[in-house]
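Here's the structure, in structure tokens; my notes come after.
Counting from 1, the numbers follow the sequence of the chain as shown.
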Amino acid sequence: TAPRRINILSIVVVLGVVFSLPNILPASATERLPPVMQQRLNLGLDLQGGSYLLLEVDVAALRKERLSNLLEDVRTTLRAERIAFTGLRLAGQTVSVRVTDPGQVERAREVLNRLGAPGSTGQRTLTVSGGADQTLSATLSEEGLVQAEQQAVEQSIEIIRRRVDELGTREPSITRQGRTRIVVQAPGESDPEQLKRVIGQTAKLTFQMVDDTVAPEEAAAGRVPPGSVLLPQPDNPGEPFVLVKRRVLVSGENLVDAQVGFDETQKPAIDFRFDGAGARRFAQATSGENVGKRFAIVLDDKVISAPQIREPITGGSGQITGGFTQEGAAELAGLLRAGALPAPLTVEEQRTVGAELGADAIEAGRISTVIAFVSVLVFMVLAYGLLFGGIAVAALIINGLLIVAAMSVTQATLTLPGIAGLILTLAVAV
């Protein structure tokens, strides 16, 4: 009925006015309103100013890491199954190995085939074939590598979003461009160098055992055993390099929390906590024959510290020390909470939009909107008369209020093209 329609329309108009008001009221006045009525329009990068970054995922490094992981997987899998082998090497996208016992070739083939089990897409990522002289070859498929690249880009977008949120930036725009590029727009972030530092750091944290079978001097001279790698330790001049085993005991993927704390000397440190699976792995790694040995805490292929295991660590939590400053510890803790990037990122383009430019854009947009709105109102009155033109004008005003209210409640971002869209909406509504 007509009265019901009028009542519904009146309620909608009142709500539109109420939710639009915070955009014109001072901040001191909106603080006294209920939280749902404090929402304002978010201004985009072109209006508010901020930083713009064009990033590219380093797919070459991602492929290299996948192939290196495959080499270690073949090594550790065959050793775990007690299958003797020689001649393990990597050539292109293929890892080849010679099985010493002819009677174990088929068993080794079955074991390696399990490494390439179909993933979520149902496609096998690994092809195992046999050759002469008891040689087996495991080849990563191109489809599997492309799939890994796509997943890396999608995962990078989500991790970048969490890292930018740690900075307190509201409504960042993070979108994919092409196959391997990511566009980041952070309105209100005036320090692009901090943004690059926070976004660009891989923050890959791993816990690996130290290899004490070879002296550090011999390892530095090139005598690195298979299955180990020599990594730098920048914060320890007395031991600038540490030989660690490639096998990862626990990774940062098992972290559920990382906070700034203090060590025994009251210097900033990072307190971390693992999930259930990570706690079990960490307890196993620090128990038994490993007690008394050292393990390395590795961040982005650099050893932060290499403490000795005095007793099994079964609580699932620990502390990372390494000469951090308060700001550095807080930044690293935020990176660890957000998660590690699956591949390095390179900055292809960087732009900074100053606040002055944003203020000029806002003023220009406001003037153009007022001029366009007044022009439409004058046209409506001249074309349809004072009565019907006035009714249409009232409808346009209500339409504009409802659009602003909806954008405020949903925390939409207003940009210069958005202002043009508002003007076009008023004209088309005629």
Side-chain angles (χ1 to χ4, degrees), residues 2-50 52 161 165 169-175 183 185-188 353 355 357-430:
R4 179 178 297 176
R5 288 198 296 269
I6 293 174
N7 290 336
I8 294 175
L9 179 61
S10 301
I11 293 173
V12 171
V13 172
V14 170
L15 291 176
V17 172
V18 168
F19 289 117
S20 299
L21 277 178
N23 294 286
I24 60 175
L25 293 176
S28 58
T30 57
E31 289 175 356
R32 294 193 292 267
L33 298 175
V36 71
M37 295 174 57
Q38 295 180 9
Q39 305 292 346
R40 295 172 178 261
L41 278 172
N42 290 313
L43 301 181
L45 186 67
D46 48 3
L47 297 179
Q48 186 179 352
Y52 170 97
R161 189 180 307 279
D165 288 343
T169 302
R170 297 182 62 186
E171 290 298 318
S173 173
I174 304 171
T175 56
V183 175
Q185 299 183 49
V353 180
L357 177 60
D360 293 341
I362 293 174
E363 185 60 26
R366 182 183 293 115
I367 293 173
S368 62
T369 302
V370 171
I371 293 174
F373 185 63
V374 171
S375 301
V376 171
L377 298 189
V378 172
F379 169 79
M380 298 289 283
V381 173
L382 293 178
Y384 301 111
L386 189 59
L387 176 60
F388 294 106
I391 294 173
V393 166
L396 283 179
I397 294 174
I398 293 173
N399 187 18
L401 282 175
L402 294 180
I403 292 175
V404 173
M407 292 180 68
S408 300
V409 171
T410 59
Q411 288 289 275
T413 300
L414 181 64
T415 61
L416 278 176
I419 292 177
L422 287 174
I423 297 172
L424 184 61
T425 300
L426 295 177
V428 172
V430 172

Mind checking whether V183 and I174 have side chains closer than 4.5 Å, heavy atoms only?
no
Residues F388 and Y384: closest non-hydrogen pair is CB-O, 3.7 Å
I need the single residue from L386, I398, L377, V378 that forms a side chain to side chain contact (heavy atoms under 4.5 Å, CB included) with V393. Which is it?
L377
Atom pair CZ/OG of R161 and S173 - distance to nearest 0.5 Å:
8.0 Å
Is there side-chain contact between I397 and F373, with at least one heavy-atom pair below 4.5 Å?
yes
Within the side chain of S20, is there an N or O that forms a donor-acceptor pair under 3.5 Å with the backbone of L401?
yes
Could you walk me through whether I419 and L414 satisfy the side-chain contact (heavy atoms from CB on, under 4.5 Å) test, starting with their C-alpha distance in whole Å, then the side-chain angles of each, then the deciding distance to 0.1 Å, before giving a yes or no?
CA-CA 7 Å; I419 292 177; L414 181 64; 4.2 Å; yes
Could you measure the distance from the CG atom of N399 to the OG1 atom of T425? Nearest 0.5 Å is fine.
7.0 Å
Answer yes or no: does atom CG of L382 have more than 12 heavy-atom neighbours from other residues, nucleotides or ligands under 6.0 Å?
yes
All heavy atoms of A406 vs all of T410, minimum pair found to be O-OG1, 2.7 Å
Any side-chain to backbone donor/acceptor pair from N7 onto P3? Under 3.5 Å, distance only.
yes
Can you see which heavy atom on A405 is nearest to which on G16, and at what distance?
CB-O, 3.5 Å
